[in-house]
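Shown next, in structure tokens, is the structure this report addresses.
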Amino acid sequence: GAGVSQTPSNKVTEKGKYVELRCDPISGHTALYWYRQSLGQGPEFLIYFQGTGAADDSGLPNDRFFAVRPEGSVSTLKIQRTERGDSAVYLCASSLTSDTRGYTFGSGTRLTVV
Amino acid sequence: KQEVTQIPAALSVPEGENLVLNCSFTDSAIYNLQWFRQDPGKGLTSLLLIQSSQREQTSGRLNASLDKSSGRSTLYIAASQPGDSATYLCAVRRVGGSEKLVFGKGTKLTVNP
């Protein structure tokens with residue numbers, strides 16, 4: 001596609017529920033990143049994929065968070081037993097491995113846990 | 001642990017003014033530094049990327065400089081316009097291994113007509 005697409009754009013869920021957030025990267029981009037941005041803060045790194053594998057998942061806050069990229073393209077961020085503190089904008093970015101121009105970000109999914 | 005600080009947190013200027021946004025980072029072992037723009041409710045748009053070996057990058061009315069040894073970068077915006085109103089984020093990528101970016105909290109810029 002022309003850009004990084006994230007769906008849904010907004011998600012409201014009840015505390016304790018399970019949610020999935022989807023990211024469609026730019027076609028051909030092998031690297032994919034998830035970031036989380038809380039209100040008034042800069043984005044914080046969650047996880048980085050190179051192809052199908054998670055090359056760095058050091059930013060995942062706890063074991064309620066999990067992400068997959070089974071075919072090296074679309075990625076899904078999964079959050080179990082959501083808490084109010086998970087409310088944030090979840091941003092996805094992709095890049096070519098050797099691309100020195102930096103990442104291309106999607107518009108994000110705004111998750112609100114009530 | 002790398003920390004990125006942006007000063008000021010917010011800035012309001014009249015249209016036409018030249019302005020400077022500041023970014024500092026604690027670990028000088030960076031691979032590159034990038035400036036982004038974020039409009040309300042939107043994702044991030046990359047403005048300028050400076051490799052660690054470079055001193056500055058220019059795009060139109062924007063100029064970004066990098067002083068790696070002192071851990072500082074500035075984003076200079078010439079002849080500001082109301083359309084420049086947005087939050088500007090600075091992010092660094094460290095040398096070796098991880099490809100993650102470490103962001104500052106941003107500077108919210110308002111350019112008044």
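Lettering follows sequence order; numbering is per chain, from 1. Computed over heavy atoms, backbone and side chain alike; hydrogens, waters and symmetry mates excluded. All values reported here derive from a predicted model rather than from experimental measurement.
The one candidate from B:V20, B:L21, B:D67, B:N63 that meets the side-chain contact (heavy atoms from CB on, under 4.5 Å) condition with B:T74 is B:V20.
Taking 4.5 Å as the heavy-atom cut-off, the residues of residues 50-63 of chain A that approach chain B are A:D56, A:S58, ordered by number.
Ranked by heavy-atom pairs under 4.5 Å with chain B, the list A:G42, A:A93, A:C92 is led by A:G42.
Here CG of B:L33 is found 4.5 Å from OG of B:S73. Values are rounded to the nearest 0.5 Å. To the nearest 0.5 Å, the span separating CG on B:L75 from CD1 on B:I77 amounts to 5.0 Å.
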Practice item. Mind running side chain to side chain contact (heavy atoms under 4.5 Å, CB included) on B:N32 and B:L66 for me, showing each step along the way? Key: CA-CA 9 Å; B:N32 61 37; B:L66 174 64; over 6 Å; no
Exercise for review: Under the side chain to side chain contact (heavy atoms under 4.5 Å, CB included) rule, what do A:Y33 and A:S95 come out as? Steps first, then yes or no, please.
Suggested key: CA-CA 9 Å; A:Y33 314 82; A:S95 70; 3.2 Å; yes
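When all heavy atoms are compared, the tightest approach of A:G108 to A:Q6 is N-OE1, 3.0 Å.
Both the backbone and the side chain of B:L101 come within contact range of chain A, judged by heavy atoms closer than 4.5 Å. For A:E44, no part lies under 4.5 angstrom from a heavy atom of chain B. Contact of B:Q6 with chain A is not made at all, since no heavy-atom distance falls under 4.5 Å.
Between A:F105 and A:Y35, the ring planes are tilted. Angles from 30° to 60° get that label.
More than 12 heavy atoms of other residues, nucleotides or ligands lie within 6.0 Å of CZ in A:R64, so this atom counts as buried by the packing criterion.
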